[in-house]
Every structure is written in C-alpha cells, then in structure tokens.
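The structure appears right after this line, and notes come after that.
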Amino acid sequence: MKSTSCSSCLLKSKAVINLGDNELDILDKSCVQATFDRGETIFKQGALSSNIIYLQTGLIKLMIKGPNRVQILRLKKAPCYLGLPTTMGDKINNYSASALEKSTACFIDMNTFKELLRINPAFSYEIIIELCKNELEQFKRCVTLVQNQIFGRLASNLISFADDIYSSHEYELPLNRNELADLVCTSRETISRILSDLTKERIIEANGKHIKIINYNMLKEISRKG
DNA sequence: GCATTAACCACAG
DNA sequence: CTGTGGTTAATGC
C-alpha cells in the first residue's frame, strides 16, 4: 500500500526529521500509509490499540463516549500524532478518531515507535514537546468549557476554527449542529439559536455550514467574558 | 417573586 | 438535518 519510503517522505514529522538512515529503515519496515474519506473511523474506542498514528494531511475529530452522550474531545489538524495517550497509556483505546475531511495517515507499530523513543533522544524530545503542547491546549479548553456560558464556549470554538484550522475569517464548518453541540457540551437546539443570534447581532454570518466572522473583536470579547 | 439560562420536546421545512 | 416555539428546572438577584 505504501507508495513512498519513510526516508523520501516529504511529510516527515518534526520528530522523524531527527532520525538517521538506520532509524528511518526501522521506521520504514513497520509503517503503513492509509487514506480516509470524511466520516471514516481511524481508530475506535474499546478496540485494542497497537499503533501510533501520524496524521500527514487532513482534519480529524477525537471523541469519547461519556455516561450520557458522546463528547468531542477536540479536533486535530495535520500534521500531528494521533493516539499517543491512548496507545502508550493503555492497551485499549480510550477514545475514537474519525476523519472530518479526506486525510492521510501513517500507522506505526507501537514497539517500533518505542524503540525509536529509546534510541534517539532528539526524536523523543519532539514527541514530548508535542504531548506537552497538547496538554496545555486541553487545559485551556477545559477551563473554557467549565467556566464559560454557551455563548463564550461557542465563540471560542468559532475563533479557533478561524485562527488555528482555516487561517481565515470565512470557512465551512466541518461539523453539523449536533457535532457542534457535542464539541461545546450543549444541545443541538441551543447551537442553532446561538448561531442565529450571533448572525442577528451582525457578529458573524451563518448560512448552513458557511461561517463568516464579521466582528472578530466582538467575538473574541464574547469568548473571553463567557 | 422575577429574570436569566439552557435543556428537553414537538413539529415543520 | 435544521430552526423555532413552548415548557420547565435551576440559579441568582
């Protein structure tokens, strides 16, 4: 299935750049590339996990089944590693990942990955950096979700789509209203209402999945104050 | 009490 | 799959 070798790959991660030729060969032997269409599951909560996944291109969502409903943990945009916590931290996946747009990913055998961590400190260092950045992002998101009211929670996410994912004040939402609700912990109805309220206030324009941020500063203010 | 927030339900495009 | 309206429960003046 693999069209290129790891050594000639143009989409190397920051960690893999530090690997020598020998180490790239080791990686090459247990690395398989796959592509996913929108909606396809990359890995599933409850299943045995034995791979580290490097998302080369695309956008995915991580979700976890809570006591009552699904919770979208976060969206992740390539390039990034997927499943580090769930593969290294447990034998079973603690959450699922599915593609929000056409994505490509490399599946790396966990034992090979562990071996690379052991033999190459520069590689390990980059992995730790990525993990730490992720944790900080999660902490921030946690505070926003717990302490802000719904306007603030949704505003934060609309801003994060614009700044972190699409680098534009105008974009197509990768999620429907229900998924948006799962992302900011509310109901589908409330999402509808808030999007139309924000449109009435001329802070954004929302037409179906098309979002245009008109008053970025105001939206930022809402996300800060909750 | 009264106002606000947000969930749940129902129903219509 | 979405948007809206009515109802209701919880919380805070």
Side-chain angles (χ1 to χ4, degrees), chain A residues 35-47 55 57-78 82 93-105 137-226:
Chain A
T35 69
F36 296 88
D37 292 326
R38 178 179 164 78
E40 284 191 311
T41 299
I42 297 169
F43 57 85
K44 193 168 156 48
Q45 181 174 357
L55 187 67
T57 64
L59 182 70
I60 64 99
K61 65 174 174 179
L62 300 182
M63 53 200 168
I64 191 165
K65 285 187 193 119
N68 298 316
R69 39 168 57 243
V70 242
Q71 170 72 43
I72 296 185
L73 293 169
R74 60 170 306 176
L75 306 192
K76 295 205 81 182
K77 187 177 87 151
L82 302 178
N93 282 321
N94 283 220
Y95 51 86
S96 309
S98 76
L100 294 174
E101 53 184 54
K102 196 170 167 59
S103 302
T104 60
E137 284 164 14
Q138 285 298 130
F139 287 165
K140 281 184 201 148
R141 193 171 127 72
C142 179
V143 174
T144 305
L145 283 180
V146 170
Q147 298 192 5
N148 279 355
Q149 293 184 326
I150 296 196
F151 270 89
R153 305 214 292 270
L154 186 56
S156 307
N157 280 277
L158 290 176
I159 286 173
S160 139
F161 287 141
D163 290 354
D164 306 332
I165 298 182
Y166 296 113
S167 305
S168 164
H169 285 187
E170 203 169 350
Y171 52 84
E172 297 292 322
L173 282 172
L175 304 172
N176 64 25
R177 305 290 132 120
N178 237 320
E179 293 172 309
L180 227 38
D182 292 337
L183 181 68
V184 300
C185 311
T186 184
S187 66
R188 173 208 119 234
E189 294 97 321
T190 302
I191 295 287
S192 283
R193 273 186 251 274
I194 293 189
L195 285 177
S196 61
D197 282 355
L198 289 174
T199 300
K200 280 180 201 134
E201 300 287 332
R202 302 289 303 149
I203 295 167
I204 65 168
E205 259 171 33
N207 274 316
K209 288 189 173 169
H210 189 82
I211 298 289
K212 181 178 183 182
I213 297 176
I214 297 167
N215 190 338
Y216 181 86
N217 289 335
M218 191 63 208
L219 196 61
K220 195 91 187 169
E221 194 67 7
I222 294 171
S223 81
R224 256 192 341 103
K225 290 189 176 165

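Heavy atoms only: backbone and side chains are in, while hydrogens, waters and symmetry mates are out. Computed from a prediction, not measured in an experiment: that's the story for all the values here.
- Here B:dA6 presents its C1' atom at 12 Å from CG of A:D197, a figure rounded to the nearest Å.
- Across the protein-nucleic acid pair, A:F151 atom CZ and B:dT5 atom P stand 8 Å apart, rounded to whole Å.
- Looking at residues two or more places apart in sequence or on another chain, you find a side chain to side chain contact (heavy atoms under 4.5 Å, CB included) between A:T35 and A:K102, A:T104.
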Let me have the donor-acceptor pairs involving side chains of residues 219-226 of chain A, under 3.5 Å, with sequence neighbours excluded, atom names and distances please.
unit_1: A:E221; atom_1: OE1; unit_2: A:R224; atom_2: NH2; d: 3.1
unit_1: A:E221; atom_1: OE2; unit_2: A:R224; atom_2: NH2; d: 3.1
unit_1: A:E221; atom_1: OE2; unit_2: A:K225; atom_2: NZ; d: 3.2
unit_1: A:S223; atom_1: OG; unit_2: A:K220; atom_2: O; d: 2.8

For nucleotides 7-13 of chain B, give me every protein contact, N/O to N/O, under 3.5 Å, one pair per line with atom names.
unit_1: B:dA7; atom_1: OP1; unit_2: A:T186; atom_2: OG1; d: 3.0
unit_1: B:dA7; atom_1: OP2; unit_2: A:T186; atom_2: OG1; d: 2.7
unit_1: B:dA7; atom_1: OP2; unit_2: A:S187; atom_2: OG; d: 3.4
unit_1: B:dA7; atom_1: OP2; unit_2: A:T190; atom_2: OG1; d: 2.7
unit_1: B:dC8; atom_1: N4; unit_2: A:R193; atom_2: NH2; d: 3.2
unit_1: B:dC9; atom_1: N4; unit_2: A:E189; atom_2: OE2; d: 2.9

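- By the side chain to side chain contact (heavy atoms under 4.5 Å, CB included) test, A:K76 is found to be paired with A:I60, A:L62, A:R74, A:C80, A:L82, A:E130, A:N134, residues two or more places apart in sequence or in another chain being considered.
- Within the structure, the ring pair (Phe, Tyr, Trp, His ring centres under 6.0 Å) test picks out no pair touching residues 179-200 of chain A (sequence neighbours left out).
- Listed by residue number, A:N176, A:R177 are the residues of residues 173-181 of chain A with a heavy-atom contact under 4.0 Å to DNA chain C.
- The ring pair (Phe, Tyr, Trp, His ring centres under 6.0 Å) search around A:Y171 returns A:F161, A:Y166, not counting sequence neighbours.
- The main-chain N or O of A:R188 is never found under 3.5 Å from a side-chain atom of A:N178 such that the two would form a donor-acceptor pair.
- Residues forming a side chain to side chain contact (heavy atoms under 4.5 Å, CB included) with A:E170 (at least two apart in sequence, or on another chain): A:S168, A:H210, A:K212.
- Qualifying side chain to side chain contact (heavy atoms under 4.5 Å, CB included) partners for A:I64, counting only residues two or more places apart in sequence or in other chains: A:Q45, A:Q71, A:L73, A:Y95.
- Contacts between chain A and DNA chain C, taken as any atom within less than 4.0 angstrom of a protein heavy atom, begin and end at C:dC1 to C:dG6.
- Atom CD1 of A:I222 is separated from atom P of B:dT5 by 13 Å (rounded to the nearest Å).
- Sorted by first and then second residue, the pairs that involve residues 178-187 of chain A and meet salt bridge (charged side-chain N to carboxylate O under 4.0 Å, His left out), not counting sequence neighbours, are A:K61-A:E179, A:R69-A:D182.
- For residues 152-166 of chain A, no pair satisfies salt bridge (charged side-chain N to carboxylate O under 4.0 Å, His left out), with sequence neighbours left out.
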